[in-house]
Amino acid sequence: MVAPENSETETHDARSRLVMAALRLFAEKGYKAASTREICEAAGANISAIRYYFGDKAGLYRAAFFEPMGDARCGSDVAAYADLPLPEVLTRFFGEFLEPLKEGEDFGLVMKLHFREMIEPTGAWQQEIDAEIKPQHESLVLLLKEHLGLSGIDDDLHRLVFSMIGMAVHFYVGQDVISMISPQILNSPQNIDVLAERLAGYALAMINSEAARRARDGDHEQ
């Protein structure tokens, strides 16, 4: 006799398969490009299952966006170590920022989807932006304001911080490209640590370049 398809175990398994298939496809293609049909095919589920479990495609996206992450934080708590020397702050920042890449493919996909949301926003991440991303950005802005000896915060300071963070974001959003060109960069925890150290060095060079530009231009804040 065939077991009933609405058993609690099968319901959980079917729902979980849909969430993980959606996570992969949304992370790889984005919300608009990933179709519900291909998500269901990847999960081995009927198209009607999305309506049953999630209501619609947007509901499935929210589940894929939030559920695999659990209570884990996204990004780094810069304010917790902002009083350290700048090179150490940057090394810690990039190390923590890239740490999820060590946690396996699924967690890497979660982060890839989250950073894709920043580039192709659907509105799903406003809470996380307010609670984590914005405070992280503001902490870096304040840190560099003090380091550069500025009297206030200007647009170039925001440009600098966005550019620094953007370097690290690319290693999530651009994983497919990186895997085809230089897969060894992300293929071990040790190589990810090296990457974090290099990004800290690149960021420090960017900061020093901005300090030199401001000195050359008479530190005109815009």
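When a residue number appears, it is its place in the shown sequence, counting from 1.
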Student check: side-chain heavy atoms of [X] and [Y] closer than 4.5 Å:
X	Y	value
F65	L23	no
F54	V19	yes
L142	V78	no
L98	L199	yes
D156	L160	no
F171	I185	yes
C40	I50	yes
R17	D13	yes

Any chance the side chains of Y202 and E197 put a donor and an acceptor closer than 3.5 Å?
-> no

Inter-residue atom distance [X].[atom1] - [Y].[atom2], 0.5 Å rounding:
X	Y	atom1	atom2	answer
M167	L195	CE	CG	9.5 Å
L150	L144	CG	CG	9.0 Å
E28	L25	CD	CG	6.0 Å
L109	M20	CG	CE	7.0 Å
L90	L143	CG	CG	7.0 Å
L140	I165	CG	CD1	5.5 Å

Report yes or no: does [X] contribute a side-chain atom to a donor-acceptor pair with the main-chain N or O of [Y] at less than 3.5 Å?
X	Y	answer
E120	Y31	no
E38	S35	yes
N46	A49	no
H137	F162	no
S163	R159	yes

Electrostatic pair [X]-[Y], nearest N-O below 4.0 angstrom:
X	Y	result
E88	R92	yes
R15	E67	yes
D217	R213	yes
E210	R214	yes

How close do [X] and [Y] get, counting heavy atoms only, and between which atoms?
X	Y	answer
A168	F97	CB-CD2, 3.5 Å
A63	P68	O-CD, 3.4 Å
I39	A21	O-CB, 3.7 Å
Y53	A14	OH-CB, 3.6 Å

Pairs satisfying salt bridge (charged side-chain N to carboxylate O under 4.0 Å, His left out), at least one member in residues 45-66, at least two apart = none

Do any pairs count as a salt bridge (charged side-chain N to carboxylate O under 4.0 Å, His left out) and have a residue in residues 138-147, sequence neighbours left out, and if so which ones?
-> none

Pairs where residues 172-186 contributes a residue and the test side-chain hydrogen bond (donor to acceptor under 3.5 Å, both in side chains) is met, not counting sequence neighbours | K112-D176

Could you state whether F93 and V194 fall into the same hydrophobic cluster, counting links through intermediate Ile, Leu, Val, Met, Phe, Trp or Tyr residues with side-chain heavy atoms under 4.5 angstrom apart?
-> no

